[in-house]
Enquirer: 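First the structure, which I've put down as structure tokens, then a few questions once you've had a look.
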There are 2 protein chains.
Amino acid sequence: MSTGGRKFRAGSGEGAGRAARIQDVARLADVSTATVSRVLASPNVVSEDTRARVLEAIAKTGYVPNPAARSLRSQKTYMVLVVLPNLANTFFSKILSGIEETLFEAGYGMIIGDLDGSPEKEAHFAAFTSAGRVDGAILLNGHLFGQSRDAQGEPAINIPLVALCEAIPGANIPQIEVDNRAASRRMTQYLVSRGHRLIAYLTGPADNVLEKERIRGYRDGLRAEGLAFDPELVIEGDYTIKSGIDAGRDLLGRSRRPTAVFCTSDEMAIGLMRTLHSAGVRVPQDISVAGFDDIEFAAVAEPALTTIHQPRRELGQAAATALVDLLQGRSTPERIRLKTELVVRDSVAEPVGT
Amino acid sequence: MSTGGRKFRAGSGEGAGRAARIQDVARLADVSTATVSRVLASPNVVSEDTRARVLEAIAKTGYVPNPAARSLRSQKTYMVLVVLPNLANTFFSKILSGIEETLFEAGYGMIIGDLDGSPEKEAHFAAFTSAGRVDGAILLNGHLFGQSRDAQGEPAINIPLVALCEAIPGANIPQIEVDNRAASRRMTQYLVSRGHRLIAYLTGPADNVLEKERIRGYRDGLRAEGLAFDPELVIEGDYTIKSGIDAGRDLLGRSRRPTAVFCTSDEMAIGLMRTLHSAGVRVPQDISVAGFDDIEFAAVAEPALTTIHQPRRELGQAAATALVDLLQGRSTPERIRLKTELVVRDSVAEPVGT
DNA sequence: GTGAAAGCGCTAACAG
DNA sequence: CTGTTAGCGCTTTCAC
């Protein structure tokens with residue numbers, strides 16, 4: 001079946017079988033198309049009663065400007081591209097929601113580009129962007145498109161860009177993030193304050209920029225508390241539940257078992273706890289577990305997860321606001337840091353024998 | 001700071017300070033603009049060596065067609081709008097990922113419209129759609145835009161539409177969904193087969209179309225097993241973790257407590273289990289809990305959740321495929337039903353005293 | 001304060 | 001197989 005056969009009819013049921021154009025409005029209001037355009041773009045420059053007449057005609061015809069024509073003429077699309085590494089990751093949904101909300105208010109639409117680990121898709125979105133299909137982009141993926149640069153060493157993309165969550169090293173664009181290093185240090189020190197001395201650290205993907213900040217914070221915390229950094233205690237993960245499960249197995253196989261594990265995502269922490277429980281190891285009685293992000297499920301995990309709260313919606317909003325400022329010729333800070341919060345729940349306790 | 005001041009340079013570093021247009025390519029290849037256009041749209045209609053010359057010129061200039069111009073002329077945008085009730089809901093992320101993937105392969109971009117309970121936003125996206133900014137739309141929100149209809153009773157939107165997950169009553173558009181009723185019935189009967197007689201049912205939002213199917217399935221299952229439907233055992237929720245928590249409190253306050261609770265979302269089931277545990281009620285020893293959806297966290301919940309698996313990525317893919325078929329003039333089935341799976345894990349057991 | 005006119009960059013008839 | 005021509009619907013000088 002096809003739904004393509006319907007006749008188009010203007011919104012309020014008047015007019016013939018096609019969308020109203022600026023001409024139709026102009027004719028009805030007895031003005032030129034230029035005036036109609038003005039009423040929409042800069043109402044104050046049109047006399048009051050002309051404006052009223054035009055507005056009435058617009059309502060009557062159900063006129064909606066054709067965006068392609070407008071865009072062709074004005075070289076603006078009122079669209080923003082949001083590039084992210086993995087749409088399926090639940091961590092992003094609230095951030096996206098914050099972005100969408102803010103963009104919407106500013107009159108911009110949001111196009112999503114899911115990289116999904118495919119260089120081909122990345123190239124596509126780079127082309128997409130340089131083809132002028134969007135006015136700006138928010139990058140959550142930690143690097144610039146294809147890093148293609150022209151002879152002058154300037155990126156070929158010449159629209160405003162904003163980096164969100166993952167800083168882009170060497171890129172001269174505004175960055176919105178949380179202080180990963182400080183947050184990570186804070187959690188590490190909290191763990192020590194609860195009596196832990198052997199604290200394992202479950203990382204995100206090795207090449208991840210923000211991960212480097214976090215592990216630095218972990219080392220900061222250790223050092224501040226007079227503890228040595230032990231590479232043996234660092235387990236590599238990738239933020240997913242599955243890598244938490246795997247890390248649990250790794251841990252269970254060890255003879256010298258840490259008393260606490262600091263996971264840099266809640267997903268990993270939850271997966272880890274699961275493996276531990278299945279093996280009869282209790283959290284937090286036998287081993288403490290801490291997370292990072294404070295996703296919705298952290299509070300209802302069993303036990304409720306002690307973690308670092310990231311203001312995800314606010315991060316999205318801040319990035320969108322920064323981009324809109326840029327798009328409208330305003331300036332925006334080079335770096336915006338949002339505050340994290342240590343959320344103490346039940347997954348961390350004193351180690352046995354303390 | 002502003003990043004707007006960069007000069008634009010064509011991809012490969014050649015040419016002056018502006019993007020190449022079709023004219024530039026035509027001149028360089030010594031053909032007309034029409035031929036360049038043909039090389040891009042229907043290469044086989046152009047002679048081999050002209051094509052080669054044009055392709056070379058395209059590469060040399062770094063030409064990328066201007067989408068606004070193309071769109072204005074051809075009345076196509078190669079964009080699809082995806083409307084959903086709540087972007088922040090993690091249930092949607094994998095579906096979106098499936099949609100994006102399929103759309104991308106077909107050469108379409110994905111614009112996200114998050115309704116977020118706002119009628120104003122809904123109106124916006126309706127206008128957006130009728131303004132021709134997208135070629136088609138996938139609706140996950142269970143109803144048509146603003147249900148504005150013109151004099152003839154036809155919807156004002158005349159582009160292909162596809163309904164995903166939530167059927168749209170009375171709408172004559174293809175529908176992609178799972179068999180909610182059968183799945184719900186199956187779970188109910190499974191619960192009965194494990195010895196349960198008093199099975200509570202935790203619903204989604206009351207006005208939700210798909211919810212009506214599910215509760216029907218629950219009643220089917222009860223009836224098939226010779227059990228009476230008891231409205232007292234129906235608790236109203238809204239798919240969120242929070243409503244699961246609330247339902248738990250409700251249940252704890254009851255004197256006649258059911259031995260099992262069938263929740264129509266995993267989020268609610270997880271929230272519910274949390275409340276139960278906090279009150280010292282064990283799952284599944286004291287009460288069994290079943291979910292719906294099989295989100296990632298279901299498998300690592302404590303206890304691991306028995307639930308109905310929905311093929312979320314496949315749902316997204318199927319909807320996108322159906323829409324693309326429509327957009328390209330092919331036909332598509334009126335209704336596509338994807339199979340669900342009963343996933344037995346640890347949250348359901350025999351009731352005590354059986 | 002308003003109108004006329006010139007395109008924005010592309011595609012699709014229509015000729016040849 | 002290829003070129004010429006005429007717009008798609010809008011915004012924006014430039015006159016008045």
Side-chain angles (χ1 to χ4, degrees), chain A residues 8 10 15-16 18-55 57-58 61-79 107 127 130-133 135, chain B residues 8 10 15-16 18-55 57-58 61-79 107 127 130-133 135:
Chain A
F8 183 95
R18 61 164 183 63
R21 290 158 314 173
I22 200 168
Q23 266 295 355
D24 304 326
V25 178
R27 210 148 28 212
L28 192 59
D30 199 31
V31 295
S32 71
T33 60
T35 299
V36 177
S37 180
R38 284 188 196 105
V39 168
L40 262 21
S42 29
N44 42 307
V45 94
V46 178
S47 85
E48 197 172 324
D49 55 311
T50 323
R51 197 189 327 149
R53 256 189 6 261
V54 170
L55 255 14
I58 288 178
T61 53
Y63 170 68
V64 182
N66 178 313
R70 174 177 274 184
S71 174
L72 177 58
R73 180 64 229 234
S74 64
Q75 311 286 16
K76 291 205 173 79
T77 63
Y78 288 100
M79 279 290 157
S130 46
R133 297 190 73 155
D135 293 346
Chain B
F8 182 95
R18 63 163 181 62
R21 290 157 314 172
I22 201 168
Q23 266 295 358
D24 304 326
V25 178
R27 207 147 31 211
L28 192 60
D30 199 31
V31 295
S32 71
T33 60
T35 298
V36 178
S37 180
R38 283 189 198 104
V39 168
L40 263 19
S42 28
N44 43 307
V45 94
V46 178
S47 84
E48 197 171 325
D49 55 308
T50 324
R51 198 190 327 149
R53 264 200 345 273
V54 169
L55 255 15
I58 288 177
T61 52
Y63 170 68
V64 182
N66 178 315
R70 173 177 275 185
S71 172
L72 176 58
R73 180 64 230 231
S74 65
Q75 311 285 17
K76 293 208 172 77
T77 62
Y78 289 98
M79 279 290 160
S130 46
R133 298 191 71 155
D135 294 345

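Hydrogens, waters and symmetry mates play no part in the numbers below; they use all other heavy atoms, side chains included. Letters A, B, ... are given to chains in the order of the sequence lines, protein chains preceding strands, and every chain is numbered from 1.
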Enquirer: Can you list, by residue number, the residues of residues 66-76 of chain B that have a non-hydrogen atom closer than 4.0 angstrom to DNA chain D?
Expert: B/Leu72, B/Arg73, B/Gln75
Enquirer: Can you name the nearest heavy-atom pair linking A/Leu72 to B/Ala68, along with the distance?
Expert: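 Closest pair (atom of A/Leu72, atom of B/Ala68, distance): N-CB, 3.7 Å.
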Enquirer: Within the 4.5 Å heavy-atom criterion, are B/Ser47 and B/Asp49 side-chain neighbours or not?
Expert: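 When only atoms from C-beta onward are counted, B/Asp49 and B/Ser47 do touch, with a gap below 4.5 Å.
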Enquirer: Could you tell me the boundaries of the chain B footprint on DNA chain D, defined by atoms under 4.0 Å from its heavy atoms?
Expert: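 Endpoints of the contacted stretch of DNA chain D: D/dC1 to D/dG9.
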Enquirer: To the nearest 0.5 Å, tell me how far A/Thr35 OG1 sits from A/Arg53 CZ.
Expert: 9.0 Å
Enquirer: Testing the basics here: between A/Arg51 and A/Val39, what is the closest heavy-atom pair and its distance to 0.1 Å?
Expert: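 Closest heavy-atom pair between A/Arg51 and A/Val39: CG-CG1, 3.9 Å.
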Enquirer: Rounded to 10°, tell me the angle between the two end axes of the helix from C/dG1-D/dC16 to C/dG16-D/dC1, each built from five pairs.
Expert: 30°
Enquirer: Compare every heavy atom of A/Val54 with every heavy atom of A/Val25, then report the nearest pair and how far apart it is.
Expert: CG1-O, 4.1 Å
Enquirer: Let me confirm one number: the CZ-CZ distance from B/Arg70 to A/Arg133, rounded to the nearest 0.5 Å.
Expert: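 Spacing of CZ (B/Arg70) from CZ (A/Arg133) equals 8.0 Å.
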Enquirer: Quick check for you: name the first and last nucleotides of DNA chain C, 5' to 3', having an atom under 4.0 Å from a heavy atom of chain B.
Expert: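 In short, chain B contacts DNA chain C from C/dG9 to C/dA13.
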Enquirer: Is there a side-chain contact between A/Met79 and A/Asp135, using heavy atoms and a 4.5 Å cut-off?
Expert: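 Result no, sub-4.5 Å side-chain heavy-atom pair not found.
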Enquirer: For A/Ala34, check side-chain contact (heavy atoms from CB on, under 4.5 Å) against everything at least two apart and list the hits.
Expert: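 A/Ala34 satisfies side-chain contact (heavy atoms from CB on, under 4.5 Å) with A/Ser32, A/Arg38 once adjacent residues are dropped.
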Enquirer: For the atom pair CG (B/Leu40) and CD1 (B/Ile22), what is the distance rounded to the nearest 0.5 Å?
Expert: 7.0 Å
Enquirer: Nearest 0.5 Å, what's the OG1-CZ distance between A/Thr33 and A/Arg27?
Expert: 10.5 Å
Enquirer: Short of 4.0 Å, heavy atom to strand atom, which residues of residues 35-55 of chain B count as contacting DNA chain C?
Expert: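 Heavy-atom cutoff 4.0 Å gives B/Ser37, B/Arg38.
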Enquirer: Compare all side-chain heavy atoms of B/Thr50 with those of B/Val31 and state whether any distance is below 4.5 angstrom.
Expert: yes
Enquirer: So which heavy atom on B/Ser71 is nearest to which on B/Thr77, and how close?
Expert: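 Nearest heavy atoms, B/Ser71 then B/Thr77: OG-CG2, 3.7 Å.
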